[in-house]
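It should be emphasised that the depicted structure is a prediction, and the values quoted were computed from it without experimental measurement. Letters A, B, ... mirror the listed sequences (proteins, then strands); counts begin at 1.
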Amino acid sequence: MKKLSAQFYAGPDVVALARQLLGKLLVSRFEGVLTAGRIVETEAYIGLTDRASHSFGGKRTDRNEHMYAAPGTAYVYICYGMHHLFNVVTNKKDIPDAVLIRALEPIEGIDMMLRRTGKPKPDKTLTRGPGNAAKALGIFKQHSGISLRSSDLYIADDGYIITNDLTGVSKRIGVESAGKAALYPYRFYVKGNPFVSSYPKK
DNA sequence: CCGGGGATTATCT
DNA sequence: GATAATCCCCGGC
């Protein structure tokens, strides 16, 4: 099991990277406690040209500043006033592409995840959805800007493979107001996995 | 299982 | 003052 390389995050195609992050392990080691989850759902945001992105058109504010950081940086922001959402910055510095981690399958440190989320016992809602996933790993807005090559928060490859026939693709969730961009097929998920936040309607 | 609506506040206009 | 890359609970089927 090894941390993803700086070169991985520097890839120029954020949509391809979102697909490749499926099956990887997101690991946090805050306060000496290891918690880890397998990534089972992601979404790509193409910073400059994607109306659903916080950095569309080159918009740059205090809130989204870390989208412009070096590849392999964490971008965490608060949504709906209460949820902390974790993203992986990719491409080059000053190109604000990012991948939103939408769901995890709990792997390690489940007791700690329960304590953080206040849930009485593990169930499929523990790490389902981007707000829950970040909460279970103890990721908050204050972690925005830290490197994913650090020892506190990183993504690792343990050799687990998500085959193409297990990979689902759909439009992104919660971006209805983004016009045409709302229909782009930039969401990837592991078919049949109970921690995936939702499945496309028939 | 599915859809509707309230919660709750940082951020931007 | 309005909006938001969400979640949970509730009711209906």
Rounded distance in Å - CD (A/Glu43) to P (C/dT6): 7 Å
Regarding A/Arg172 and A/Asp50, does a basic nitrogen lie under 4.0 Å from an acidic carboxylate oxygen? yes
Which Ile, Leu, Val, Met, Phe, Trp or Tyr residues join A/Met112 in one cluster when any pair of side-chain heavy atoms under 4.5 Å counts as a link? A/Val33
Among A/Leu104, A/Leu22, A/Leu26, A/Asp158, find the one that has a side chain to side chain contact (heavy atoms under 4.5 Å, CB included) with A/Arg38. A/Asp158
Look at the rings of A/Phe30 and A/His143 and say which category their plane angle falls in: under 30° parallel, 30 to 60° tilted, over 60° perpendicular. parallel
Within the structure, does a side-chain N or O atom of A/Ser177 lie under 4.0 Å from either OP1 or OP2 of C/dA4? yes
Rounded to whole Å, please give me the gap between OH in A/Tyr77 and P in C/dT3. 18 Å
Is it the case that the ring center of A/Tyr75 lies less than 6.0 angstrom away from the ring center of A/His66? no
For the pair made of CD in A/Glu41 and P in C/dA5, what is the distance, rounded to whole Å? 16 Å
Apply salt bridge (Lys or Arg N to Asp or Glu O under 4.0 Å) to residues A/Asp94 and A/Arg60 and explain how you reach the verdict. CA-CA 10 Å; A/Asp94 292 325; A/Arg60 192 162 180 162; 3.7 Å; yes
In whole angstroms, how far is the C1' atom of C/dA5 from the CD1 atom of A/Ile46? 15 Å
Treating primed atoms plus P, OP1 and OP2 as sugar-phosphate and everything else as base, which nucleotides of nucleotides 7-13 of chain C get B, S or - for protein heavy atoms under 4.0 Å? SS-----
Just how far, in rounded Å, is C1' of B/dA10 from CZ of A/Phe140? 16 Å
Measure from NZ or CZ of A/Lys124 to the centre of the six-membered ring of A/Phe195, then state whether that distance is under 6.0 Å and the direction lies within 45° of the axis. no
Under-3.5 Å N/O pairs linking protein and nucleotides 11-13 of chain B:
| from | atom 1 | to | atom 2 | distance (Å) |
| --- | --- | --- | --- | --- |
| B/dT11 | OP1 | A/Lys141 | NZ | 3.0 |
| B/dC12 | OP1 | A/Thr61 | OG1 | 2.4 |

Quick one: A/Ile173 CD1 to B/dC2 P, roughly how many Å, whole number? 13 Å
How would you label the contact of A/Leu85 with the nucleic acid (heavy atoms, under 4.0 Å): base, sugar-phosphate, or nothing? sugar-phosphate
Is the A/Tyr186 ring parallel, tilted or perpendicular to the A/Tyr184 ring (thresholds 30°, 60°)? tilted
Expressed as a whole number of angstroms, how long is the span from A/Ile139:CD1 to C/dT6:P? 16 Å
Taking N and O atoms by type only, does the side chain of A/Tyr80 place a donor or acceptor under 3.5 Å from a partner on the base of C/dA5? no
Under a 3.5 Å limit for both distances, which nucleotide forms a Watson-Crick or G-U wobble pair with B/dG5, could you say? C/dC8
Matching residue for A/His54 among A/Tyr77, A/Tyr68, A/Tyr45 - test: ring-ring contact (aromatic ring centres under 6.0 Å, His included): A/Tyr77
